[in-house]
Novice: 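If you scroll down you'll find the structure; I have some questions about it.
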Amino acid sequence: AITCGFGQMTPEEFELAKALCKRWSKESLGIAQSVLVEGVDMSEVADKFDVSPQQVRVIKKRFEDKLAEAKVKGFAQ
């Protein structure tokens, strides 16, 4: 598995980013948590949630972007 971006996320970081994901489905949040917090391989997550590995990559990237956005907002306050 190829990993890039922030690497693994702490549960606290996950909750910080999750606060900005108002319209995300429970499935998408579960996918993000499995990959980023629990460190489950993306292909395993794709199988578990019955989605394509590409969808997992997209959700992972979008969630990482939300964390970056949350951190920027946190510093701006």
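Just the heavy atoms: all of them, side chains too, but no hydrogens, waters or symmetry mates, feed the values below. Index from 1, following the sequence. Owing to the predicted nature of the structure, the values given are computational and were not obtained by experimental measurement.
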Novice: If you define the side chain from C-beta out and look only at heavy atoms, does anything of Leu20 sit under 4.5 Å from Lys73?
Specialist: yes
Novice: Evaluate the side-chain proximity of Ile59 to Trp24: yes if any heavy-atom separation is below 4.5 Å, no if none is.
Specialist: yes
Novice: What distance do Leu16 atom CG and Glu69 atom CD have between them, rounded to the nearest 0.5 Å?
Specialist: 10.5 Å
Novice: If I compare all heavy atoms of Pro53 with all of Ala46, which pair ends up nearest, and what's the gap?
Specialist: N-CB, 3.8 Å
Novice: Indicate yes or no: at least one non-hydrogen side-chain atom of Gln55 is less than 4.5 angstrom from one of Phe49.
Specialist: no
Novice: Can you name the side-chain hydrogen bond (donor to acceptor under 3.5 Å, both in side chains) partners of Lys61, sequence neighbours left out?
Specialist: Asp65
Novice: To the nearest 0.5 Å, tell me how far Met9 CE sits from Lys60 NZ.
Specialist: 8.0 Å
Novice: Heavy atoms only: give me the nearest Phe14-Leu29 pair and the separation to one decimal.
Specialist: CZ-O, 3.6 Å
Novice: Is any side-chain heavy atom of Val51 closer than 4.5 Å to a side-chain heavy atom of Glu27?
Specialist: yes
Novice: Quick one: closest heavy-atom pair of Met42 and Arg57, and the distance?
Specialist: SD-CG, 3.6 Å
Novice: Nearest 0.5 Å, please: how far is CD in Gln8 from OG1 in Thr10?
Specialist: 10.5 Å
Novice: Hey, could you give me the CD/NZ distance between Glu13 and Lys71, rounded to the nearest 0.5 Å?
Specialist: 4.0 Å
Novice: What pair of heavy atoms forms the shortest contact from Val37 to Pro11, and how long is it?
Specialist: CG1-CG, 4.1 Å
